[in-house]
Amino acid sequence: MDCVFCKILNKQIPSKFVYEDEYCFAINDINPKAKTHILVIPKEHIVSLNEVKDFELVKNLFVAIKNITKEQNIPAFKTHINTGRAAGQEVDHLHIHILAN
Ligand code: 5GP
Ligand code: ZN
């Protein structure tokens, strides 16, 4: 599949995982817009929030965010999801941005 995040998950594109669990993985954004800019990405290829059927998945992503920010000692952060091209979604594989300065 021609999806950059699936390719990263499948190690076709090298990228260091800063977190991984059963449901998702996290990487540092290649073009950071804050001092800390992490992407939390489900292992399942889902295009966007509009395509989510089982919201248990979204819960799992937020559990990962809690784990990552705790592990990395980030007490204050923003989370951001772009849904749809017109809203700025560039990669058509659901992901949550974690941003902290
Ligand atoms: P979106 O605009 O779709 O919400 O966010 C996509 C994000 O993925 C962007 O912030 C962009 O910098 C990041 N990104 C795109 N390609 C790669 C890549 O190959 N590696 C990493 N680490 N980040 C990427
Ligand atoms: Zn994908």
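Values in this document were obtained by computation on a predicted structure and should not be read as measured data. Order of appearance sets the numbers: ligands from 1, and atoms from 1 within every ligand. We number each residue from 1, following the sequence as shown.
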Below 3.5 Å, N or O to N or O, backbone or side chain included: is there any such pair between Lys33 and ligand 1? yes
Selection residues 54-73 - residue pairs positive for salt bridge (charged side-chain N to carboxylate O under 4.0 Å, His left out), sequence neighbours left out: Glu56-Lys59
Return the closest protein heavy atom for atom 22 (N) of ligand 1 as residue, atom name and distance. Asn28 O, 2.9 Å
What is the distance from atom CG of Asp29 to atom OG1 of Thr36, rounded to the nearest 0.5 Å? 11.5 Å
Nearest 0.5 Å, what's the CG-SG distance between Leu9 and Cys3? 9.5 Å
Check for me, please, whether Ile13 and Ile38 land in the same ILVMFWY cluster - side-chain distances under 4.5 Å, paths through other members count. no
Within a distance under 2.8 Å of the Zn ion (ligand 2), the protein atoms of type N, O or S are Cys3 SG, Cys6 SG, His45 ND1, His93 ND1
With rounding to the nearest 0.5 angstrom, report the CD to CD1 distance, Gln89 to Ile81. 10.0 Å
Numbered in order shown, the ligand 1 atoms found under 4.0 Å of a heavy atom of Ile27 are 21 (C), 22 (N)
Backbone N or O of Leu94 within a donor-acceptor pair of the Glu51 side chain at under 3.5 Å? no
Heavy-atom proximity to atom 7 (C) of ligand 1 ranks first, among Leu94, Thr83, Asp29, for Asp29
Is it true that Glu22 and Lys43 have a side-chain N and a carboxylate O under 4.0 angstrom from each other? no
What do we get for Asn31 next to ligand 1 when only non-hydrogen atoms under 4.0 Å count, side chain, backbone, both or neither? both
shortest atom 3 (O) of ligand 1-to-protein heavy-atom contact is with Glu90 N, 2.7 Å
Does any N/O atom on Gly88 come nearer than 3.5 Å to any N/O atom on ligand 1? yes
Above 12 or not: heavy atoms from other molecules or residues under 6.0 Å from NZ of Lys33? yes
Check whether any N or O atom of Val4, backbone or side chain, sits under 3.5 Å from an N or O atom of ligand 1, and answer yes or no. no
Sub-4.0 Å heavy-atom contact, Asp92 with ligand 1: no
The closest protein heavy-atom partner of atom 23 (N) of ligand 1 is Ile30 N, 3.2 Å
Heavy-atom distances under 4.0 Å are what count here, so tell me which part of Ile81 touches ligand 1: side chain, backbone, both or neither. neither
Any chance you could measure Tyr23, atom OH, to Leu57, atom CG, to the nearest 0.5 Å? 10.0 Å
Which one of Thr79, Ile41, Leu49 satisfies the side-chain contact (heavy atoms from CB on, under 4.5 Å) criterion with Ile96? Thr79
Distance col, row Phe17:CZ vs Ile27:CD1, nearest 0.5 angstrom, shows 7.5 Å
Nearest heavy atom to atom 4 (O) of ligand 1: which of Lys7, Lys16, His97, His93 does it belong to? His97
Atom 1 (P) of ligand 1: closest protein heavy atom, distance to 0.1 Å, is His95 NE2, 3.1 Å
Which of parallel (below 30°), tilted (30 to 60°) and perpendicular (above 60°) describes His97 and His37? tilted
Under 3.5 Å between any N/O of Ile13 and any N/O of ligand 1: does that happen in this structure? no
Quick note on ligand 1: atoms under 4.0 Å from a heavy atom of Leu39 include exactly 8 (O), 13 (C), 23 (N)
Write out the residue and atom name of the closest protein heavy atom to atom 15 (C) of ligand 1, then the distance separating them to 0.1 Å. Val91 CG2, 4.1 Å
Which ligand 1 atoms are under 4.0 Å away from a heavy-atom of Asn82? 1 (P), 2 (O), 4 (O)
Which of the atoms in ligand 1, numbered in the order shown and given with their element, are less than 4.0 Å from a heavy-atom of Phe5? 8 (O)
Are Ile74 and Leu99 connected in the hydrophobic side-chain network, where two residues link if heavy atoms are under 4.5 Å apart? no
Ignoring hydrogens and angles, tell me if any N or O in the side chain of Asn101 forms a donor-acceptor pair with the backbone of Lys35 under 3.5 Å. yes
Any side-chain heavy-atom pair from Leu39 and Phe5 closer than 4.5 angstrom? yes
N/O separation below 3.5 Å, Gln89 to ligand 1: no
